[in-house]
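Scroll down for the structure; my scribbles are underneath it.
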Amino acid sequence: MFKTPKILITVFLIFLVSATAVFSQEIIVGNGSWDQISIRDNITYSESAQGMSNIQLKNNEYQVTDDTDLLIHFNGNIMDRSGNYNVVRNQGILTTDKERKLGEQAGAFPGDNAFIELSPGRAALLAAGNGKINDFSIEFWLYPIRLSEGEKIFQWSGAIKSGEMTLQQTILCVISGRRLNWVFENFFLPADFSETMIELTSTGVMIPGIWHHHLIRYNSETGLIEYLIDGIPEVITYANSSGRETGEMFAAVIGNQKPANIILGKSYSGYLDELRLTRAFSEPDISIFGTSGGSASTSVFDLQNSGCRLLRISTVARKPGKTDIFYYYRISEDYFSSSSSKPSWVQFKPDQLLPPSVRGRFVQIKADLYPDGTGKNSPVLSEIRLQYERNLPPLPPEQITAESGNGSVRLSWNRVNDSDISGYKVYYGEKPGYYFSSVSVQGPSPVDTGDNTEITLTGLKNGQIYYFAVTSYDSSENSQESRFSKEISARPSALLRTNQ
């Protein structure tokens, strides 16, 4: 049996690869610029160590909800996103993207006497005169640098009048012995409004230069006060006379003595991010990227010609841990908007050759990004590369000839050497390049000859000069037509004179 030499097979494969490279074209999305991304949902851009711009999931920043009382992102402008508190003084606190946990920036606290002062509005939870309040939680991300004794992270001060006596009220989060210590002074009060002091201190010492999530929360039904670090309970107590599950229940009460302001970061050295106060016994959410995923869609690309074949779509991406990216394309001969529901999306695997039937003029790509189960890792997409083969219009016919007759002209031309040619059209008119005549018995210009390479147009006026051009058209779904052939002219005559 005859066997094809291996060297011939190798040469043949090289030819196929080379032919694809020569005749295919590319559209590159990403590779440093994502201007062609038209729709993004929970997606942001990040910069690699090489200075390249990538797509990844957006950080899981807190959003304002019905329970949100105070929320500061520290993204440029230091402000309460809930609108319940106003920044009345900013004593030297800046924002930075050099060290951040979520979002674009974090608050940079230089120590010394720097701080932020917030004044509560009437709707704020900690506004003076609110009286008894229910569940609440205070949380933030903290990156300490010095851990000096007495650095204050959060401080609220108020006062309540009890008979002839005024009790000073305080919520204080302060660094003490390299631990974070929470102090509630006269904030949880018994029925007789006697003085109280409730403290919760973390069990382990803190380490400088590391981000940790801190959450303290209060359940008004049980009196439980719980302090969690990175979602793990550090210490619990109860707002009652025993500090345990049994005992006379205390109530969280806001006195009516002003100003009842909040001080953030007094003498604190380090970074603070995503400070939130809610009217709920909040569950800790320490995921960096959430768990719902995100999506990015390109613009709709016009490949210029109908019937273009989409060969393959390649990507450059990283998927750390159990993260993943699903890819989709959609293609059509008719234009569609990037946000339309049709045509339908088709999932594909990057770098694989697509079926020959994947053809059209307009194409769009979508990528769905998913984090791992912990929400701590995001996939990273650096580039999308579309490789396609243009379905170019056919060539026009050549060697056009015209023979005049009595009220007629016989036209003929050479067949176009292309298997995709479906037919030809003859254009005619009474001025050069102006093919809009309609006098021929065969019909107005242009006249479709089908697969025939000659036609005699009758019903023409003797003595009138006519100008002719021929085009070819292909068999694609939205048939493409060639440019005009070289123009030729002829003048019908009863004396059957030929030429021109």
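Since this is a predicted model, take the numbers as computed values, not measurements.
- Between Y143 and H212 the shortest side-chain heavy-atom distance does not fall below 4.5 Å.
- E383 contributes no side-chain N or O that, together with a main-chain N or O of N31, makes up a donor-acceptor pair within less than 3.5 Å.
- Using a 30° and 60° split on the angle between ring planes, W345 and Y328 fall in the perpendicular class, above 60°.
- Sparse packing is recorded around CG of N77, with 12 or fewer heavy atoms of other residues, nucleotides or ligands lying under 6.0 Å away.
- Minimum heavy-atom separation, Y85 to D80: N-OD2, 2.9 Å.
- Taking both residues in full, the closest heavy atoms of I198 and A239 are given as CD1-CA, 4.0 Å, listed atom of the first, atom of the second, then distance.
- Between the side chain of E234 and the backbone N or O of T203 there is at least one donor-acceptor pair closer than 3.5 Å.
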- request: Applying side chain to side chain contact (heavy atoms under 4.5 Å, CB included), run through V29 and F301 and close with a yes or a no.
  value: CA-CA 11 Å; V29 183; F301 298 113; 3.7 Å; yes
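- Counting heavy atoms of neighbouring residues, nucleotides and ligands inside a 6.0 Å radius, atom CG of D66 does not exceed 12 of them.
- Under the side-chain contact (heavy atoms from CB on, under 4.5 Å) rule, Y388 has a single partner from E26, R312, Q25, which is Q25.
- Proximity of the aromatic rings of F74 and Y271 is defined here by a centroid distance below 6.0 angstrom, and this criterion is not met.
- Within 6.0 Å of atom NZ in K376, 12 or fewer heavy atoms from other residues, nucleotides or ligands are found, so the atom counts as exposed in its surroundings.
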query: Given N305 and Q480, is the side chain to side chain donor-acceptor pair (under 3.5 Å) satisfied, shown in steps?
result: CA-CA 8 Å; N305 301 105; Q480 298 188 98; 3.0 Å; yes
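- When all heavy atoms of S267 and R146 are compared, the closest pair comes out as O-NH2, 4.3 Å.
- In this structure a side-chain-to-backbone donor-acceptor pair under 3.5 Å is present from R330 to P343.
- Of the possible polar contacts, one joining the N186 side chain to the Q168 backbone as a donor-acceptor pair under 3.5 Å is found.
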message: Pair R178, E149 - check salt bridge (Lys or Arg N to Asp or Glu O under 4.0 Å), show working.
response: CA-CA 7 Å; R178 301 176 70 86; E149 194 73 13; over 6 Å; no
Worked verdict on Q56 versus N54 for side chain to side chain contact (heavy atoms under 4.5 Å, CB included): CA-CA 7 Å; Q56 69 174 46; N54 303 313; 6.0 Å; no
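- Within 6.0 Å of CD in E104 there are 12 or fewer heavy atoms belonging to other residues, nucleotides or ligands.
- How far OH of Y218 is from CZ of F250: 10.5 Å, rounded to the nearest 0.5 Å.
- No donor-acceptor pair closer than 3.5 Å links the side chain of D230 to the backbone N or O of I232.
- A donor-acceptor contact under 3.5 angstrom links the side chains of D135 and S220, judged on distance only.
- F187 and F136 have perpendicular rings, their planes meeting at more than 60° on a 0 to 90° scale where under 30° would count as parallel.
- Residues E139 and R276 are paired through a salt bridge, judged by an N-O separation under 4.0 Å between the basic side chain and the carboxylate.
- One N or O on the side chain of E151 and one on the backbone of S148 form a donor-acceptor pair closer than 3.5 Å.
- Nearest approach of L386 to V363, heavy atoms of both residues: CD2-CG1, 3.9 Å.
- Ion pair R217/E283 flagged as a salt bridge, since at least one NZ, NE, NH1 or NH2 atom sits closer than 4.0 Å to an Asp/Glu carboxylate oxygen.
- Side-chain atoms of D69 come within 3.5 Å of backbone atoms of L125 as a donor-acceptor pair (strictly under, hydrogens ignored).
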Working for side chain to side chain contact (heavy atoms under 4.5 Å, CB included), residues S202 and I229: CA-CA 8 Å; S202 59; I229 299 179; 3.8 Å; yes
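- Going from atom OG1 of T374 over to atom CD1 of I288 covers 9.0 Å, rounded to the nearest 0.5 Å.
- Between the side chains of N113 and Q91, no donor N or O sits under 3.5 Å from an acceptor N or O.
- Taking every heavy atom of both residues into account, P284 and L228 meet most closely at CG-CD2, 4.2 Å.
- Within the 3.5 Å criterion, the main-chain N or O of Q105 finds no donor-acceptor partner in the side chain of D97.
- Atom CD of E245 is surrounded by 12 or fewer heavy atoms from other residues, nucleotides or ligands within 6.0 Å.
- Screening I72, I78, I93, I153 against L264 for a side-chain contact (heavy atoms from CB on, under 4.5 Å) leaves a single residue, I72.
- There is no side-chain donor-acceptor pair under 3.5 Å between S295 and D41.
- Expressed to the nearest 0.5 Å, how far CD1 of I55 lies from OG1 of T44 amounts to 9.5 Å.
- Closest approach of N181 and L200 over heavy atoms only: OD1-O, 3.4 Å.
- Annotation: the span from S332 atom OG to K342 atom NZ amounts to 11.5 Å, rounded to 0.5 Å.
- Under a 3.5 Å cut-off, the side chain of T166 and the backbone N or O of K161 do not form any donor-acceptor pair.
- Counted within 6.0 Å of CD on Q347, heavy atoms from surrounding residues, nucleotides or ligands total more than 12; the atom is thus considered enclosed.
- With respect to the salt-bridge test (charged N to carboxylate O, under 4.0 angstrom), the residues E389 and R309 do not qualify.
- Looking only at distances, no side-chain donor or acceptor of Q155 sits under 3.5 Å from a matching main-chain atom of I171.
- In this structure, R244 fails the cation-pi test against Y238, since its NZ or CZ atom is not both closer than 6.0 Å to the six-membered ring centre and inside 45 degrees of the ring normal.
- A salt bridge does not link R279 with D67: none of the charged nitrogens is closer than 4.0 Å to a carboxylate oxygen.
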query: Are Y227 and H214 close enough, and set up right, to give a side chain to side chain contact (heavy atoms under 4.5 Å, CB included), and what steps lead you there?
result: CA-CA 8 Å; Y227 175 33; H214 299 264; 2.8 Å; yes
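- Atom-to-atom distance recorded for L142:CG and D273:CG is 10.5 Å, nearest 0.5 angstrom.
- Within a 6.0 Å radius of CD1 in I207, other residues, nucleotides and ligands contribute 12 heavy atoms or fewer.
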